[in-house]
2 protein chains.
Amino acid sequence: MPVLDLRQDKRAMSHPRLPYLERIELFAPLPERSRARIADIAGLQRFSNHGYLFREGEEPDFIYCFVEGGIALIGGADGQEAVIEFFGPGESVLLPAALLGLPYLVSGRATSDGQALLIPAGKLRQLIDEDVALAAQCARVLSRHWRALISQIKEIKTHGAAERLAHFLVSQTGKSKGPATLVLPGMKKEVATRLGIKPETLSRTLKKLRDYGVDTEGDTIRIASLERLAALTSATAGQDQADT
Amino acid sequence: MPVLDLRQDKRAMSHPRLPYLERIELFAPLPERSRARIADIAGLQRFSNHGYLFREGEEPDFIYCFVEGGIALIGGADGQEAVIEFFGPGESVLLPAALLGLPYLVSGRATSDGQALLIPAGKLRQLIDEDVALAAQCARVLSRHWRALISQIKEIKTHGAAERLAHFLVSQTGKSKGPATLVLPGMKKEVATRLGIKPETLSRTLKKLRDYGVDTEGDTIRIASLERLAALTSATAGQDQADT
DNA sequence: GCACGGCCTTGATCCAAATCAAGGCACCAG
DNA sequence: CTGGTGCCTTGATTTGGATCAAGGCCGTGC
């Protein structure tokens, strides 16, 4: 259980937290004056792997901006949990719940040790009505998140497991050509539900992708050619093989 | 092909369009002064059923705010098209693409005749950096959209076809108890892909739901008890029956 | 009136992924 | 070293939904 310990020493200098703010996409482009206002109300919080930072149904107290490490956003009741998306350094979560003052739709579980900036939801809601730069930047970040979810829904509705996995791996590398190596952003179990499949299926599907130049070693994955893998995103990935 | 005809008679009164703006969730809560600025750049556009208003990949020229009638947001290439979501009166689409200046991720096809307000993307992007009220309201509307998509992803990843259909029907009524009647927001074919299933499966699943008090007649659906239907959202909807 | 073309339903069959069921392996704690 | 306890893989089997294949039921145009 992460215990809160954000000491809001407004009287003292808030500057010590400013360098962190600069690493968050939500705040980086803001004018210094706006960032300072945020720094005044922000607190830094450590968290450790597999711990829950917040849970579905709770009232929104904070938004979380990841400085180091990250979490999986998890939806659904016990036994039927599914990872919606992974978030890591520079990204923030829960802005929608905070702005609307509605209960969280998802839980957040750490996928590594790390630190996050916590911004009180109430204060943020207040600031957003006074600070154009902040409000506009929130709209832009929310827009990016919206597009990411749209892509995921399209993917789920139009592609099979192998294609989804291939696309996911490619997007995780952040590159688009040549060879690449990546580390999965969570346990295989979690990655599976992020893709809308079961762990067993992920295991088997990863094996199928070996024939397309994908090599697995624990949670590290080596891809021989991103082009080749991306190609099968659109093709009928499922032909059989593997005898002998 | 809807031909554009937004005459921006800024010199003349923009007031004739103001009453329309008041019916759009994105603009309704804004102060009069902000709404007037939007009215200055907005144009009204008629569209007819089954026509495309915009297509995936195009550069963002406008956002669309529906005054009457609505569309389906469609993703995926030919033959693999899937409806992401339906939008109707009072709602708006494409704000994310417009704010970021990135190509549309989805196409929009009308599900009825209707009219939409078109707001030029460039102008809007400009206004958002100058008008706090507008920027904050965009953030809130985007937040609501984000939450809707999250709910859909959760649903797809954790529930089977019957449960998803049941939940969809309940949410379409806008109510939560007692009996209800609703009209599907599009062709059955489209509703099916919205739910992530095929038309044949939708047909069969609707039949299964008859035993739970769901009666179908064309695109009109009558539900005996919303509670009963909502109950099976979480249960194992799939037991067999139907002999005799 | 009649033929054609969409949309929807229904039935038969197939298949991708889920489920059920063992192990294997790594990482502790004692 | 030894016995858990998770996580992951692998194999056998089942199943929910897809696919294939007819029709039925409109509208619409000729």
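A note on names: the letters A, B, ... follow the listed sequences, proteins ahead of strands, and every chain is numbered from 1.
Atoms CD (A/E190) and C1' (D/dC8) sit 14 Å apart, rounded to a whole Å. Note: CG (A/L184) to C1' (D/dC7) measures 13 Å, nearest angstrom. Separating the CG atom of A/L206 from the P atom of C/dA17 is a distance of 13 Å, rounded to the nearest angstrom. One can place CE of B/M187 at 16 Å from P of D/dG27, the figure rounded to the nearest angstrom. Rounded to whole angstrom, the span from the NE2 atom of A/H159 across to the C1' atom of C/dA16 amounts to 16 Å. Put simply, CG on B/D219 is 15 Å from C1' on C/dT9, counting in whole angstrom units. If you take CZ of B/R164 and P of D/dG16, they are 13 Å apart, rounded to a whole angstrom. B/I156 places its CD1 atom 13 Å from the P atom of D/dG17, with the value rounded to the nearest Å.
Here the side chains of B/L53 and B/F62 are not in contact, with every heavy-atom distance at 4.5 Å or above.
An OP1 or OP2 oxygen of C/dT9 is reached within less than 4.0 angstrom by a side-chain nitrogen or oxygen of B/K188.
The only option from A/T173, A/T181, A/L206, A/V183 that meets the side-chain contact (heavy atoms from CB on, under 4.5 Å) definition with A/I221 turns out to be A/L206. With A/L73 as the partner, the side-chain contact (heavy atoms from CB on, under 4.5 Å) test is satisfied by one option alone out of A/V106, A/V83, A/L105: A/V106. In summary, of the residues considered (A/Y104, A/F54, A/F47), a ring-ring contact (aromatic ring centres under 6.0 Å, His included) with A/Y64 occurs for A/F54 alone.
At a cut-off of 3.5 angstrom, the base of C/dC20 holds at least one donor-acceptor pair with the side chain of A/E200. In the interface, the side chain of B/R204 is not paired with the base of D/dG16 through any donor and acceptor atom under 3.5 Å apart.
Picking from D/dT10, C/dA18, C/dC7 the nucleotide with the shortest atom distance to the side chain of A/K207 gives D/dT10. Distance from the side chain of B/K198 is smallest to D/dA18 among D/dA18, D/dC7, D/dT10. Comparing D/dT9, D/dA18, D/dC7 by their closest approach to the side chain of A/K189 singles out D/dC7.
Along DNA chain C, the nucleotide nearest B/H50 and the nucleotide nearest B/T201 are compared for position; the residue whose nucleotide lies closer to the 5' end is B/H50.
For A/H145 and A/F87, the distance between ring centers is under 6.0 angstrom.
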